Amino acid sequence: MKPGEPYISKAEVDFDIRLDKYGDIVVLTLTGRLEGVACNVLQQYLVKVLATAIPTLLVVDLAGLMVADLYGRDILLAADRHAKASGGRMIVTGGGMPPVLADSALEGRASIKDALAELGRRRRMADG
């Protein structure tokens, strides 16, 4: 580490988010460990998505998530509530999600493809 460079521990970088858009549906793919500083990073992404897409149609893929803490769970539950409050919807995907998320009230589908199909049906019904 050089003088003046910020210190980033290995635990802080063992998390990644990929954002993809399918029309008006946003897909966030999470990989690694959703704990500690990673929760703050996820929260920033979700705030941006929730503020720019109304109604929010969001898929959060957890297939690559190794572990999540209670703070990570609470962030996802809050995002789900905000999506619903905007008239939108959030669906999580990925089998074998961490135990702290498995018992949550998050709506789930087996795959991103299934979630996109479900949100697409909902959008078509709303359009008329």
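This one's a predicted model, so the numbers in the text were calculated from it and none came from an experiment. Nothing fancy with the numbering, it's 1 onward along the sequence.
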Tyr71: side-chain hydrogen bond (donor to acceptor under 3.5 Å, both in side chains) partners, not counting sequence neighbours | Asn40, Gln43
Find out whether Leu30 and Phe15 are in side-chain contact, i.e. whether some heavy atom of one side chain is under 4.5 Å from a heavy atom of the other.
-> yes
State yes or no: do Val67 and Leu106 share one hydrophobic cluster built from I, L, V, M, F, W and Y residues joined by side-chain heavy-atom distances below 4.5 Å, directly or via other members?
-> no
Side chain proximity check, Leu42 to Val60, heavy atoms < 4.5 angstrom = no
Sequence neighbours excluded, every pair satisfying side chain to side chain donor-acceptor pair (under 3.5 Å) that has a member inside residues 73-91 | Asp80-Lys84, Arg89-Glu107, Arg89-Glu118
Apart from Ile54 itself, what residues make up its hydrophobic cluster when side-chain heavy atoms of I, L, V, M, F, W and Y under 4.5 Å apart count as a link, directly or indirectly?
-> none
Shortest non-hydrogen contact from Leu46 toward Ala79 | CD1-CB, 3.8 Å
Examine Ile75 and Val47 and state if one hydrophobic cluster contains both, with Ile, Leu, Val, Met, Phe, Trp and Tyr joined whenever side-chain heavy atoms are less than 4.5 Å apart.
-> no
Working to the nearest 0.5 Å, report the span between CG of Asp14 and CD of Glu35.
-> 8.0 Å
Closest heavy-atom contact between Gly72 and Cys39?
-> N-SG, 3.4 Å
Nearest 0.5 Å, what's the CG-CG distance between Leu62 and Leu76?
-> 6.5 Å
Among all residues two or more places apart in sequence or in another chain, which pass the salt bridge (charged side-chain N to carboxylate O under 4.0 Å, His left out) test with Asp114?
-> none
Hydrophobic cluster mates of Tyr22, side-chain heavy atoms under 4.5 angstrom, ILVMFWY only, any path?
-> Ile25, Val27, Leu57, Val59, Ile91, Ile112, Leu116, Leu119
May I have all residue pairs that pass side chain to side chain donor-acceptor pair (under 3.5 Å) and include part of residues 50-63, sequence neighbours excluded?
-> Asp61-Thr93
Under the side-chain hydrogen bond (donor to acceptor under 3.5 Å, both in side chains) test, residues paired with Asp24 that sit two or more places apart = Arg123
Are the side chain of Asp69 and the backbone N or O of Gly36 linked by a donor-acceptor pair below 3.5 Å?
-> yes
Sidechain N-carboxylate O distance under 4.0 Å for Asp20, Arg18 | yes
Could you pull out all residues at least two apart from Ala68 that satisfy side-chain contact (heavy atoms from CB on, under 4.5 Å)?
-> Leu34, Leu65, Pro98, Val100, Leu101
Roughly how far, to the nearest 0.5 Å, is the OH atom of Tyr45 from the CG atom of Leu19?
-> 7.0 Å
